[in-house]
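Report on the following structure.
Atoms within a ligand are numbered from 1 in the order they appear, just like the ligands themselves. Throughout, residue positions are numbered sequentially from 1 according to the sequence presented.
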Amino acid sequence: MSSCGGPKIKSELRVFESPDELATDLAEYISQLSENSVKERGCFTIALSGGSLISLMGKLCEAPYDKTVDWTKWFVFWADERAVAKNHIDSNYKLTKDLFLSKVPILNSHVFSINDNVTVEDAAAEYEFAIRQLVKIRTVGVSESNDCPKFDLILLGMGPDGHVASLFPHHPALELKEEWVTYITDSPKPPPERITFTLPVINSASSVAMVAVGEEKAMAVHLATAGAGENFDASSLPARMVQPTDGKLVWFLDSTAASVLDVSNSGSG
Ligand SMILES: O=C(O)[C@H](O)[C@@H](O)[C@H](O)[C@H](O)COP(=O)(O)O
């Protein structure tokens, strides 16, 4: 693994020769965050996205983490979810259940999936209400700077267009400042109806881990981390708008996704 800071945006880039090496480091990284959060707050709140990142979490289900992680203290959320039935092949809940939740002893009552029996608009409103209640009882932390929920870790994938969660280039959802959870009905990536955390919530996290693997992500990684000029329109690349206010952003990349990073991205830190 090579590691370097993104000079123009507070972030750490971790580059791995293979997805398997990335998965090994990602498991250790999540395990350490979990241990620290449990020590500090008595629980660990993690919000997941969909796509390949869920399979890259697989090593957390293996030794030593299956025994060393205090799974009873985990609370699982989705940073975005498709507005489909939870047993539908497109459901991020189903993806996470099949590849992760079915393999680790997290309490069902600690898993907060969306209501799949209502409209996407109502599902977003209900999800935000649930998070607001959990902030009130401090299961979910609160940001010191803007009263947003402060998740201990938000784990994001990134599309080749630089979308993160279900925040797509030039979408009005990128402008939302008050809402914590919103919905879209025009996702360029099917299915069209989704709920998603807004940028204020993502940027209020204690830690954000962005996972990108594959050649098709390389240009977006380059532009998102430091490769864009001062006049770059960040809304054209939502991943570039992920800049945690007080938290830390770590990119987990395989060598192909990092293949366009220019020299200015390299260096220690
Ligand atoms: O629900 C979704 O579609 C995801 O949340 C989405 O944001 C995903 O993380 C990226 O599209 C990357 O997906 P891949 O890693 O599979 O390319």
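Between Gly50 and ligand 1, an N or O atom pair is found at a separation short of 3.5 Å. Any N or O atom pair closer than 3.5 Å counts here, and Arg82 shares at least one such pair with ligand 1. Checked by distance only, ligand 1 and Leu53 stay at 3.5 Å or farther apart across all their nitrogen or oxygen atoms.
Under 4.0 angstrom from ligand 1, the non-hydrogen atoms of Asn92 all belong to its side chain. The residue Ala212 has no part lying near ligand 1, judged by heavy-atom distances below 4.0 Å. If you look at Lys189 next to ligand 1, the close heavy atoms, those under 4.0 Å, all belong to the side chain.
In this structure, Glu215 does not pair ionically with Lys217, as no charged nitrogen and carboxylate oxygen lie closer than 4.0 Å. Salt bridge status for Arg194 with Glu81: absent, with no side-chain N to carboxylate O gap under 4.0 Å. Looking at Glu62 and Lys103, no side-chain N of the basic residue comes within less than 4.0 Å of a carboxylate O on the acidic one, giving no salt bridge.
You'll find the ring centres of Phe151 and Phe197 inside the 6.0 Å limit. Taking the six-membered ring wherever Trp is involved, the centroid distance between the rings of Tyr93 and Trp78 falls below 6.0 Å.
Note: Phe252 and Phe16 have parallel aromatic rings, judged against thresholds of 30 and 60 degrees for the angle between ring planes. Below 30°, between 30° and 60°, or above 60°: for His110 and Phe75 the angle between ring planes is below 30°, a parallel geometry.
The protein non-hydrogen atom at the shortest distance from atom 16 (O) of ligand 1 is Ser52 N, 2.9 Å. In terms of protein heavy atoms, atom 12 (C) of ligand 1 is closest to Met158 O, 3.6 Å. Taking atom 5 (O) of ligand 1 as the reference point, the nearest protein heavy-atom neighbour is Asp80 OD2, 2.7 Å. Given atom 7 (O) of ligand 1, the protein heavy atom at minimum distance is Ala165 O, 2.6 Å. Closest to atom 17 (O) of ligand 1, if we only count protein heavy atoms, is Lys217 NZ, 2.8 Å.
The option with the heavy atom closest to atom 6 (C) of ligand 1, from among Glu216, His163, Arg194, is His163.
Between the side chain of Glu128 and the backbone N or O of Val181, at least one donor-acceptor pair lies under 3.5 Å.
When each atom of ligand 1 is checked for a heavy atom of Gly157 under 4.0 Å away, the hits are 9 (O).
For Phe129, the CZ atom is loosely surrounded, since the number of other residues' heavy atoms within 6.0 Å does not exceed 12.
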